[in-house]
Amino acid sequence: MSTPAVANRYAKALFELANEKGAVEQINEELHRVQTVFHSVPALYKVMAHPKMSKKDQQALLEKGFSDSHPFIMNMLFVLVDRGRIHIIDSLVDAFQNLTDDAFQISRADVRAVRPLSDKEKEAIAHQFAKKVNNRQVVVTEHQDEELIGGLIVRIGDTVYDGSVQGMLRRMERKIVSTNR
């Protein structure tokens with residue numbers, strides 16, 4: 001079974017538990033914190049995967065590092081260690097985030113723009129694209145991309161809305177080339 005499929009199963013089980021206890025937001029935040037620690041200390045993956053590191057030692061290390069985490073988080077980490085799957089943390093966090101977004105009717109928009117967007121502009125983009133995603137709340141994450149020349153590229157899920165000058169020039173080029181054949 002692929003990593004995303006396995007991570008989805010773990011995330012779904014964790015989500016159902018968290019939802020039952022009304023702790024979805026807390027678990028989501030804490031999962032992101034765990035992910036941040038793994039990203040900020042890349043050696044942690046290597047230590048966890050070292051053949052001389054027993055599962056008991058791995059669990060003790062995680063318990064020490066994440067002692068203030070919700071018991072569901074600790075149990076999930078212990079299960080991942082026990083099954084030799086601590087490497088799926090990123091996929092599990094992403095899958096849990098997707099489940100949380102679906103539960104709270106949230107869509108995430110990655111917006112590429114030439115310059116940093118103001119809060120007012122982000123709000124306008126969120127409002128405009130909410131109509132395209134069944135009036136779900138749109139959370140905008142911006143990325144600066146000077147190659148766009150102007151305009152925006154908005155990605156929500158698998159759908160890309162290209163309103164950039166670069167995109168317009170590319171479409172114009174294709175149209176000119178196709179009419180000249």
Does any non-hydrogen side-chain atom of Asp101 lie less than 4.5 Å from one of Val139?
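When only atoms from C-beta onward are counted, Asp101 and Val139 do not touch, as no gap falls below 4.5 Å.
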Are any of the side-chain heavy atoms of Met76 and Leu17 separated by less than 4.5 Å?
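Sidechains of Leu17 and Met76: no contact.
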Test item: side-chain donor near acceptor, Gln26 and Glu30, under 3.5 Å:
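Per modelled atom types, Gln26 and Glu30 side chains form a pair under 3.5 Å.
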Is it true that Ser164 and Arg170 share a donor-acceptor pair across their side chains at a distance under 3.5 Å?
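The answer is no; no qualifying pair exists.
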Determine the sole option in Met53, Lys55, Lys56 for which the side-chain contact (heavy atoms from CB on, under 4.5 Å) test with Val81 is passed.
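Among Met53, Lys55, Lys56, the one that satisfies the side-chain contact (heavy atoms from CB on, under 4.5 Å) with Val81 is Lys55.
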So among Val37, Val34, Asp94, which one has a side-chain contact (heavy atoms from CB on, under 4.5 Å) with Ile89?
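So, applying the side-chain contact (heavy atoms from CB on, under 4.5 Å) to Ile89 and each of Val37, Val34, Asp94, only Val34 qualifies.
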How long is the straight-line distance from [atom2] of [Y] back to [atom1] of [X], given to the nearest 0.5 Å?
{"X": "Glu142", "Y": "Lys122", "atom1": "CD", "atom2": "NZ", "value": "4.0 Å"}
{"X": "Leu62", "Y": "Leu44", "atom1": "CG", "atom2": "CG", "value": "6.5 Å"}
{"X": "Glu29", "Y": "Ser69", "atom1": "CD", "atom2": "OG", "value": "12.0 Å"}
{"X": "Leu61", "Y": "Leu77", "atom1": "CG", "atom2": "CG", "value": "10.5 Å"}
{"X": "Phe129", "Y": "Asn135", "atom1": "CZ", "atom2": "CG", "value": "14.0 Å"}
{"X": "Met74", "Y": "Ser67", "atom1": "CE", "atom2": "OG", "value": "7.5 Å"}

Check against side-chain contact (heavy atoms from CB on, under 4.5 Å), Val138 and Lys132
CA-CA 10 Å; Val138 176; Lys132 295 183 184 287; over 6 Å; no
Between the side chain of [X] and the main-chain N/O of [Y], is any donor-acceptor distance below 3.5 Å?
{"X": "Asn8", "Y": "Pro4", "answer": "yes"}
{"X": "Gln58", "Y": "Met48", "answer": "yes"}
{"X": "Gln144", "Y": "Arg115", "answer": "no"}

Show the nearest heavy-atom pair for residues [X] and [Y], with the distance to one decimal.
{"X": "Ile27", "Y": "Ala18", "answer": "CG1-CB, 3.7 Å"}
{"X": "Leu117", "Y": "Glu121", "answer": "CA-OE1, 3.3 Å"}
{"X": "Ala7", "Y": "Ile88", "answer": "CA-CD1, 3.9 Å"}
{"X": "Val154", "Y": "Ala109", "answer": "CG1-CB, 4.1 Å"}
{"X": "Leu31", "Y": "Val93", "answer": "O-CG2, 3.7 Å"}
{"X": "His70", "Y": "Ala23", "answer": "NE2-CB, 4.3 Å"}

Does atom CD of Gln105 have more than 12 heavy-atom neighbours from other groups under 6.0 Å away?
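Result for CD/Gln105: enclosed.
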As a quick check of understanding, evaluate side-chain contact (heavy atoms from CB on, under 4.5 Å) for Gln59 and Asp82, giving each step before the final call.
CA-CA 8 Å; Gln59 290 174 343; Asp82 196 47; 4.3 Å; yes
Parallel, tilted or perpendicular: which fits the ring planes of Phe38 and Phe66, with parallel below 30° and perpendicular above 60°?
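Rings of Phe38 and Phe66: parallel, under 30°.
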Only one of Arg136, Lys12, Arg108 clears salt bridge (Lys or Arg N to Asp or Glu O under 4.0 Å) with Asp102; which?
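Exactly one pass, corresponding to Arg136.
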Taking it one step at a time, do Val114 and Val165 satisfy side-chain contact (heavy atoms from CB on, under 4.5 Å)?
CA-CA 10 Å; Val114 174; Val165 172; over 6 Å; no
